[in-house]
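Written below as structure tokens is the structure these notes are about.
In what follows, every chain begins at residue 1, and chains take the letters A, B, ... in the order their sequences are listed.
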2 protein chains.
Amino acid sequence: MVKMDDRKKKVLAAIIHDYIQTAEPVGSRTISRKYKLGVSPATIRNEMADLEELGLIEQPHTSAGRVPSDLGYRYYVDHLMEPEKLTPSEEELIKRSYEDKSQEIGKLIVRTGQLLSRLTNYTSMVMGPKRGRVAAIKHIQLVSMTPTKAMVIVVLDTGSVHHQLIDVAENITQADLDQVSKILNAKLSGLNMKRIKMTILSEIYLELAKYKSFMDAALELLQDHRGYDTEDKIYLVGVYNILNQPEFHNIEKLKTLLSLLEQEKLLHEILVDKQSEGLTVRIGVENSCDQIKDCTMVTATYQIDDQIIGSIGVLGPTRMEYAKVITIVDHMAKVLNKTLEEMKRWR
Amino acid sequence: MVKMDDRKKKVLAAIIHDYIQTAEPVGSRTISRKYKLGVSPATIRNEMADLEELGLIEQPHTSAGRVPSDLGYRYYVDHLMEPEKLTPSEEELIKRSYEDKSQEIGKLIVRTGQLLSRLTNYTSMVMGPKRGRVAAIKHIQLVSMTPTKAMVIVVLDTGSVHHQLIDVAENITQADLDQVSKILNAKLSGLNMKRIKMTILSEIYLELAKYKSFMDAALELLQDHRGYDTEDKIYLVGVYNILNQPEFHNIEKLKTLLSLLEQEKLLHEILVDKQSEGLTVRIGVENSCDQIKDCTMVTATYQIDDQIIGSIGVLGPTRMEYAKVITIVDHMAKVLNKTLEEMKRWR
DNA sequence: TCTTAGCACTCGATGCGGTAGAGTGCTAAC
DNA sequence: GTTAGCACTCTACCGCATCGAGTGCTAAGA
């Protein structure tokens, strides 16, 4: 049985570095010349044969150089890689992006996605925050728009605002609506969405019998839980960055990947696949989804009060700049968590 | 000088039909066999030579068949094409999509984009409604979120709702906020955004001197005109449909096009380029933008009270199914206009 | 005068053999 | 254990011949 020794590690690291840069199979000669291990190509070749036996590298065909296997990348990430530091300008950019504090949580997440994509040059995927608890109603307001239309506005304590137009009878005035708003607020304000059960609703019905005609529509908005959740929403930024990866210059591969990215359900599975707190790197076949078998996903969770409420991630080819991407994702998750912590008070 | 006669028209139409279907240059033999004009390939060849002289068709190289030129498509669209009727299932689909009446105008536009893309299998571009007039304030509401944060909500008479979190002093209560809301509503309700000038603002400042601390932030939201406009926002649907077009199996072309589609400003120019009321077809070089010189755009405007407030359109290769696409875009614009007319009352 | 069969011609696509070059594995010497 | 040397393998590339689709032209026929 072959064992990894120090030189093998160096050779593997060299192969991976070179391949990440060039996307071309790496030969023994290249390594000997570019990476000064102080040994001849022949020695490198022996080491390479061992590394291949270990399953860490592969040959596309005889007389081609070697290419890292998924397992090789895995070994690299786990044992060899030295995380790259952020450049001052990168740090600066991140800092500036989070400066504006009076943000809605959703916007924060979107901005994170944009940053991830911009810094890594890959595609970023971020998942909107899942409520650690169910959102509670802060305020309800009805506004008359035209004689027959009114706007229902619901403010949640998470800082999100929802609105919908409803039809109302011709003779309803803004005064009526104010009256209804008042009652709704008295009854519902502070309650979380799950606790708005039929009992309370029928109570309201009773009290507002004369407005029955439009209460149905108004309450429908309240009941529509899904409408309040950004939980399932996944934001993609920089999808077209994959066009810069030579491995996707093949239209068929491109189609497969892009059609995957259109399906939010699958994205969701990919993003939370085997998710545990902190940073996760899933390389090639480690992904459960077939369509990204030659991609790597670097994801991290973000949380509030130790409860995971969402994920951010970067999707790229297995030939990914691991040292850079991992640092960035990790750092962004930390910054995001810190920012969320500061915003926590009003959630 | 060669003149178009009936048979030339038939030959041109045949070439275009065949090319739209196959994306391959069309030969004289194919036309004679498939399109039963009752003449031999040799005759067709003579006609083709004439059509080429007229600039309506081109030869990629000697010994290849003919391909329609932009001019050829133009002639086809102007003189030869018979608009294709919508199938019952298509009509049904469109009808169902617009059934839900109590819609916000923005959602209506997005839905239109989705339909366009789905029905045509090309990329759709729709532009959000430009206000015929400046939006007016319908209602302002301040809601206390935490001891130090409040939500400003502004409802416009166009049916859009805007909100933003602001910082407030620790000792401000919801009652205070209600008081401020009341005054703001009294002063500003019904005014359009342009008319909120310094005079009115300073009046408010005077009256609400004791809340001065946070009025700045609240009024900033009111002043931020751009925030209220969806005018410049362009929705793209079905971008990946272009992958199905053989003309874009070339990565470089694809990159050029996709990078164009990422630039909203350019999109805006493309969509309203030489825009006049009604349906417009811009074929290949007729587009002012270089990057879509081998694309065709079919656009239509939508209006309220004879004022153009936006555009919808489809982007595809010049080898486009004109008869189908033109019918669909035209029909969708009409349906959209009709729906907007019905919604008009509350705008 | 218009149509068409026939034919020579053009040019891209395809396939094949040969070559160059990159890279390997193995062996034998250091 | 390392390395120089060498035979071997396989891809990429080039040139060449061939095939076939499609043309333009010409001359005969309607």
Taking CD from E47(B) and C1' from dC2(C), how many angstroms apart are they, rounded to a whole number?
10 Å
Rounded to whole Å, CD of E24(A) lies from P of dT11(D) at a distance of 15 Å
May I ask you to decide whether R74(A) forms a salt bridge with E286(A), counting only side-chain N to carboxylate O separations under 4.0 Å?
yes
To the nearest Å, how far apart are L51(A) CG and dG25(C) C1'?
16 Å
Going by heavy atoms in the side chains, are L254(A) and L257(A) under 4.5 Å from each other?
no
Quick check on DNA chain D: between S63(B) and A49(B), whose nearest nucleotide comes earlier from the 5' end?
S63(B)
Measure from the side-chain N and O atoms of S311(B) to the backbone N and O of T301(B), and report whether any donor-acceptor pair falls under 3.5 Å.
no
Could you work out which one of dT2(D), dC11(C), dG24(D) sits closest to the side chain of H61(B)?
dC11(C)
Rounded to whole Å, how long is the line connecting atom CG of N46(B) with atom C1' of dA27(D)?
13 Å
Separation of R29(A) atom CZ from dT24(C) atom C1', in whole Å?
13 Å
Taking for each residue the nucleotide of DNA chain C with the nearest heavy atom, is it T43(B) or R33(A) whose nucleotide lies nearer the 5' end?
T43(B)
Using a 3.5 Å distance criterion without hydrogens, assess whether the side chain of N287(A) forms a donor-acceptor pair with backbone atoms of C289(A).
no
Expressed as a whole number of angstroms, how long is the span from I44(B):CD1 to dT4(C):P?
9 Å
Can you check whether R45(A) has a side-chain N or O nearer than 4.0 Å to OP1 or OP2 of dT27(C)?
no
Nucleotide dG25(C), atom P - distance to CG of D50(A) in whole Å:
10 Å
Could you tell me how the ring of H17(A) sits relative to the ring of Y35(A): parallel (under 30°), tilted (30 to 60°) or perpendicular (over 60°)?
parallel
Please confirm whether the shortest side-chain N or O distance from R66(A) to OP1 or OP2 of dG25(C) is below 4.0 Å.
yes
Nearest-Å distance, CE (M48(A)) to P (dT3(D))?
15 Å
Can you tell which of dT23(D), dG23(C), dT24(C) lies closest to the side chain of S28(A)?
dT24(C)
Any donor-acceptor N/O pair under 3.5 Å between dC10(D) base and T62(A) side chain
no
